[in-house]
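Worksheet: the structure to be examined is printed underneath.
Residue numbers start at 1 and run along the sequence shown.
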Amino acid sequence: MDDEEKQTEASATRELHFREQHKKRLSWMPWLYFSLKERHRAWAQAWQDEVQNSFRELETIEIASGCFVSPEARLFGEPGRGIVMQEGCSLAAEVFIHGPVRLGRNVSLNARSALDGGVRGIEIGDDTRIATGAALYAFNHGLSPDRLVREQPVVSRGIRIGKDVWIGANACITDGVTIGDHAVVGMGAVVTRDVAPFAIVGGAPARVLGDRRNKT
């Protein structure tokens, strides 16, 4: 192998390593996928087609066009408890979803967020952002003292999140909660009651801290 061939091989190897590292970057910061330069678009689209088709084959899941799904996402849907992603959604690395869960258009779930739809399901409106480590669980256990915790009955009322909602890192949303359009849930909040549209809530348990319409 002459010097020119060695240089060509070395260049191809660097490009391969760069591409694999870029995939990791996109998996943990998926918003970057939507602003990729043209020279990266072709391989990234082919990669995403492969990832998304694999999930479609293995799980009860609908993924619309223009979505990004990290291969490290943990997605579990069964008949009657499926996952639906509308256009433009993004799921980062180590996101956990157990259906029934329905995501509106342009919903983003950042790394390690967790959604379990229980029986009644989770619905999330268009353009909502869910930050790293947030947890939404649409079921709860009984507390009767006459039986073991693991034997308690499970109930599910469902969770409804409106449009243009921002749920901060490590926030928790409990079963039965509805969050209105344009609301903000602060980092680390524990939301046990409904949140009005445009409200800003924080704390454990969460309480109203302000209104987005007063923020100019």
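Proximity of Asn140 to Val154: side-chain heavy atoms (C-beta onward) are nowhere separated by under 4.5 Å. Ile97 has its side chain out of reach of Ile61: every pair of non-hydrogen atoms, C-beta onward, lies at least 4.5 Å apart. The shortest side-chain heavy-atom distance between Arg41 and Tyr33 falls under the 4.5 Å cut-off. At a threshold of 4.5 Å between non-hydrogen side-chain atoms, the residues Phe96 and Asp116 count as touching. Contact annotation: the side chain of Leu103 approaches that of Leu91 to within less than 4.5 Å [non-hydrogen atoms, C-beta and beyond]. Side-chain atoms of Arg25 and Leu32, non-hydrogen and from C-beta on, do get closer than 4.5 Å to each other. Looking at Thr174 and Leu136, their side chains never come closer than 4.5 Å, going by heavy atoms from C-beta outward. The shortest distance between side-chain heavy atoms of Asp181 and Val165 does not fall below 4.5 Å.
No side-chain N or O of Glu57 forms a donor-acceptor pair with one of Asn53 less than 3.5 Å apart. Side-chain atoms of Asn106 and Asp126 form no donor-acceptor pair, as typed in the model, at a separation below 3.5 Å. A donor and an acceptor atom, one from each side chain of Thr60 and Glu78, are nowhere located under 3.5 Å apart.
Of the charged side-chain nitrogens involved, at least one lies within less than 4.0 Å of a carboxylate oxygen, so that Glu20 and Lys23 count as a salt-bridged pair. We find that Arg212 and Asp164 are joined by a salt bridge, their nearest charged nitrogen and carboxylate oxygen being less than 4.0 Å apart. Using a 4.0 Å cut-off between charged nitrogen and carboxylate oxygen, Arg112 and Glu94 count as a salt-bridge pair.
Note on ring orientation: taking the six-membered ring where Trp is involved, the planes of Trp47 and Trp43 are tilted (angle from 30° to 60°). Using the six-membered ring where Trp is involved, His22 and His40 have ring planes that are perpendicular, over 60° apart on the 30 and 60° scheme.
Nearest heavy atoms, Arg120 versus Arg160: O-NH2, 3.4 Å.
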Assess whether salt bridge (Lys or Arg N to Asp or Glu O under 4.0 Å) is satisfied between Glu123 and Arg102, documenting all intermediate values.
-> CA-CA 5 Å; Glu123 295 185 8; Arg102 184 177 186 88; over 6 Å; no

Trace of the side chain to side chain donor-acceptor pair (under 3.5 Å) decision for Glu72 with Ser27 | CA-CA 7 Å; Glu72 289 83 32; Ser27 286; 3.2 Å; yes

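Rounding to the nearest 0.5 Å gives a distance of 11.0 Å between OG of Ser90 and CG of Leu26. Rounding to the nearest 0.5 Å gives a distance of 4.5 Å between CG of Asp194 and OG1 of Thr178.
Side-chain N or O atoms of Gln52 include none that pairs as donor or acceptor with a backbone N or O of Ile63 at under 3.5 Å.
Under a cutoff of 6.0 Å and an axis angle of 45°, Arg81 and Phe76 do not form a cation-pi pair.
The environment of Arg56 atom CZ is dense: over 12 non-hydrogen atoms of other residues, nucleotides or ligands sit within 6.0 angstrom.
Separation of the Trp166 and His182 ring centroids does not fall under the 6.0 Å cut-off. Ring to ring, Phe139 and His98 are not that close: their centroids are 6.0 angstrom or more apart.
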